[in-house]
Amino acid sequence: MITCTSPIDGSVYATRETLSADAARAAVASAKHAQSAWAALPLDERIARVMDGVAKIGEMNDEIVPEIAHQMGRPIRYGGEFGGFNERASYMAEIAKDALADIEIEDSANFRRLIKRVPHGVVLVIAPWNYPYMTAINTVAPALIAGNAVMLKHASQTPLVGERLAQAFHAAGVPEDVFQNVFLDHQTTSDLIAAKSFGFVNFTGSVGGGKAIEQAAAGTFTGIGLELGGKDPGYFCDDADIDAAVDTLIDGAMFNAGQCCCGIERIYVAEQHFEAFVAKAVAIVNGYKLGNPLDPETTLGPMAQARFADEVRAQTAEAVAAGATAHIDPANFPQDGGAYLMPQILTGVTHNMRVMREESFGPVVGIMPVKDDAEAVKLMNDSDFGLTASVWTRDTARAEAIADQIETGTVFQNRADYLDPALCWTGCKDTGRGGGLSVIGYHNLTRPKSYHLKKA
């Protein structure tokens, strides 16, 4: 049984029965059987059906937005995820013909030689709760467009999301066996992977979850894409626009109650601007309203679960006990408690503190002064994770030189916390392996097949 407990009030919002082992194997068998006919459809037809399904999600947005608030706590004032959801799917549809095109080597009187990109077969997508629509569509749309069947196992915190996607895609003409929303427990999921049920598995979640996926797949040679933890840094150089930087970096740290894969979790500031930067950051955070996400005035909702909030509280308390200074007054956030967590800005932090080393995934950020680019790069790289980094400078050559030295998947200049579908979404170190979206996303969701045809 999967249970979604709403962070709004701790009530049970939804329950779903998980598939038995036999039913799960039957679902895989039906997906494999249906996939070949789906792949045989013209590419234009697959694209049209997928994009029609995407549009149908947009038609449901007024119902989806409060559902998201109930399931994981994001305030309704932000209007849901359809903008990014549509942008990502649309871009992948736009580039599909070129990304999946045959590579022609020779077509002469003697030989036809080419490389085709062919689907893996059945792709398992294990999606997270924090951006439940956008993270799922990153893989679901291109996997279907490329001719794969897809089984979506969504997070237990957001069980209605997979059902909405299934409703939309099925209404758009994607066969029910080609796109399946499934509720699986961890053991059944691992057993299916170990049994070579899938041609590719894409997982977004914790480092521990990623390790479990790798262990289940060991020896099966199943392709795997993993986006795991993060501790993304921001660096404010001495020549940057301070107002723009503070606005963006603090929003990147606090939006969605800090529950963003590429959220900003630590900030390094050129020492001469440190006090001004912190003062502006504190003023922004003190303007937030923590409360019920169904209230249009709320700017900061609860975290998805009380235990997540408790972990951030523990990291913060440990840092303060070790000498850090907390700048946000609890009196400004009286609803703090349980899943409702007040935002916090910390200075006097060091990399000996968990809040600067371990993933927080909540509305807290540590800010440190640095004397130059070299010190900033050293600190940014002093992490087990590498998803994104944000560099703030008016000098693009300087930004690129710094970027070349940072151990990460994406480097931003003068922006943060954004996913550009034209660029590969990837990470390094404990953040994971593989890459989604862009042309490279299609390469990961297909395999090359070579044709060496000698003409008689």
Side-chain angles (χ1 to χ4, degrees), residues 74-75 77-79 81 83-84 87 131 134 230-289 299-300 327-328 332 343-347 349 356 360 362-377 379-380 386-406 408-423 425:
R74 186 183 309 128
R77 69 179 288 135
Y78 298 116
E81 301 176 25
E87 177 188 25
Y131 282 91
M134 288 196 290
K231 195 72 182 173
D232 291 7
Y235 170 37
F236 179 79
C237 300
D238 51 15
D239 66 335
D241 181 330
I242 191 168
D243 290 324
V246 175
D247 285 347
T248 301
L249 290 172
I250 294 303
D251 182 67
M254 302 296 172
F255 187 78
N256 207 37
Q259 300 167 132
C260 301
C261 299
C262 57
I264 297 295
E265 296 213 0
R266 49 200 175 105
I267 300 174
Y268 307 100
V269 178
E271 57 189 4
Q272 61 267 50
H273 299 298
F274 181 72
E275 290 186 6
F277 189 102
V278 172
K280 289 177 180 289
V282 169
I284 289 172
V285 172
N286 277 331
Y288 291 158
K289 180 181 177 182
T299 56
L300 194 68
H327 289 264
I328 305 302
N332 293 336
Q344 190 54 269
I345 292 173
L346 300 172
T347 60
V349 290
M356 293 298 284
S360 300
V364 61
V365 65
I367 308 179
M368 294 177 64
V370 293
K371 64 179 183 295
D372 55 25
D373 293 350
E375 184 180 14
V377 168
L379 288 168
M380 284 190 281
L387 184 59
T388 78
S390 175
V391 177
W392 289 77
T393 174
R394 299 178 193 273
D395 184 340
T396 298
R398 179 183 182 184
E400 189 167 348
I402 293 169
D404 287 342
Q405 301 171 67
I406 304 173
T408 192
T410 296
V411 181
F412 299 104
Q413 178 190 1
N414 298 334
R415 75 179 312 175
D417 192 22
Y418 173 71
L419 193 158
D420 181 346
L423 299 176
W425 191 243

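These numbers come from a predicted model, not from an experiment.
Tyr418 is linked by a ring-ring contact (aromatic ring centres under 6.0 Å, His included) to nothing, counting only residues two or more places apart in sequence or in another chain. Scanning for side-chain contact (heavy atoms from CB on, under 4.5 Å) contacts around Ala240 gives Phe236, Trp392, with sequence neighbours left out. Qualifying side-chain contact (heavy atoms from CB on, under 4.5 Å) partners for Gln405, counting only residues two or more places apart in sequence or in other chains: Val377.
Residue pairs meeting the side-chain hydrogen bond (donor to acceptor under 3.5 Å, both in side chains) criterion with at least one partner in residues 244-263, sequence neighbours excluded, are Arg74-Asn256. Among pairs with a residue in residues 260-271, those fulfilling side-chain hydrogen bond (donor to acceptor under 3.5 Å, both in side chains) read Lys231-Glu265, Arg266-Tyr268, Tyr268-His351, at least two apart in sequence or across chains.
Nearest heavy atom pair, residue Ile367 against residue Ala281, reads CD1-CB, 4.5 Å. The minimum heavy-atom distance linking Ile264 with Pro233 is given by the pair CD1-O, 3.9 Å. Across all non-hydrogen atoms, the minimal contact from Gly234 to Leu249 is CA-CD2, 4.2 Å. Thr299 and Tyr78 make their closest contact through O-OH, 2.9 Å (heavy atoms, listed as atom of the first residue, atom of the second, distance). Ala389 and Thr408 make their closest contact through N-OG1, 3.9 Å (heavy atoms, listed as atom of the first residue, atom of the second, distance). Nearest approach of Gly263 to Asp417, heavy atoms of both residues: N-OD1, 4.1 Å.
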Would you mind writing out the side-chain donor-acceptor pairs for residues 396-404 within the sub-3.5 Å range, not counting sequence neighbours?
unit_1: Thr396; atom_1: OG1; unit_2: Gln413; atom_2: OE1; d: 3.2
unit_1: Thr396; atom_1: OG1; unit_2: Gln413; atom_2: NE2; d: 3.4
unit_1: Arg398; atom_1: NE; unit_2: Asp373; atom_2: OD2; d: 2.9
unit_1: Arg398; atom_1: NH1; unit_2: Asp238; atom_2: OD1; d: 2.9
unit_1: Arg398; atom_1: NH1; unit_2: Asp239; atom_2: OD1; d: 3.4
unit_1: Arg398; atom_1: NH2; unit_2: Asp238; atom_2: OD1; d: 3.4
unit_1: Arg398; atom_1: NH2; unit_2: Asp373; atom_2: OD1; d: 2.8
unit_1: Arg398; atom_1: NH2; unit_2: Asp373; atom_2: OD2; d: 3.4

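Side-chain atoms of Asp232 and Ser390, non-hydrogen and from C-beta on, never get closer than 4.5 Å to each other. Val282 is listed as a side-chain neighbour of Ile328, based on a closest heavy-atom distance under 4.5 Å. Pro369 has its side chain out of reach of Phe277: every pair of non-hydrogen atoms, C-beta onward, lies at least 4.5 Å apart.
Taking OH of Tyr235 as the start and CD1 of Ile406 as the end, the distance is 10.0 Å to the nearest 0.5 Å. Between the CG atom of Leu300 and the NZ atom of Lys289 there is a distance of 12.0 Å, given to the nearest 0.5 Å. Atoms CD1 and CD1, from Ile345 and Ile284 in turn, are 8.0 Å apart once rounded to the nearest 0.5 Å. Here the CD1-CZ distance, from Ile250 to Phe255, works out to 15.0 Å after rounding to the nearest 0.5 Å. Interatomic distance, Tyr131 OH to Cys261 SG, rounded to the nearest 0.5 Å: 8.5 Å. In this structure, CE on Met356 lies 7.5 Å from CG on Leu379, to the nearest 0.5 angstrom.
In this structure, the side chain of Ser360 does not engage the main chain of Gly362 through any donor-acceptor pair within 3.5 Å. Glu81 places a side-chain N or O within donor-acceptor distance of the main-chain N or O of Met134, the cut-off being under 3.5 Å. With hydrogens and angles disregarded, no donor-acceptor distance shorter than 3.5 Å links the side chain of Gln344 to the backbone of Val365.
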task: For Phe274 and Val370, run side chain to side chain contact (heavy atoms under 4.5 Å, CB included): C-alpha distance rounded to whole Å, both residues' side-chain angles, the deciding distance at 0.1 Å, then the answer.
output: CA-CA 9 Å; Phe274 181 72; Val370 293; over 6 Å; no
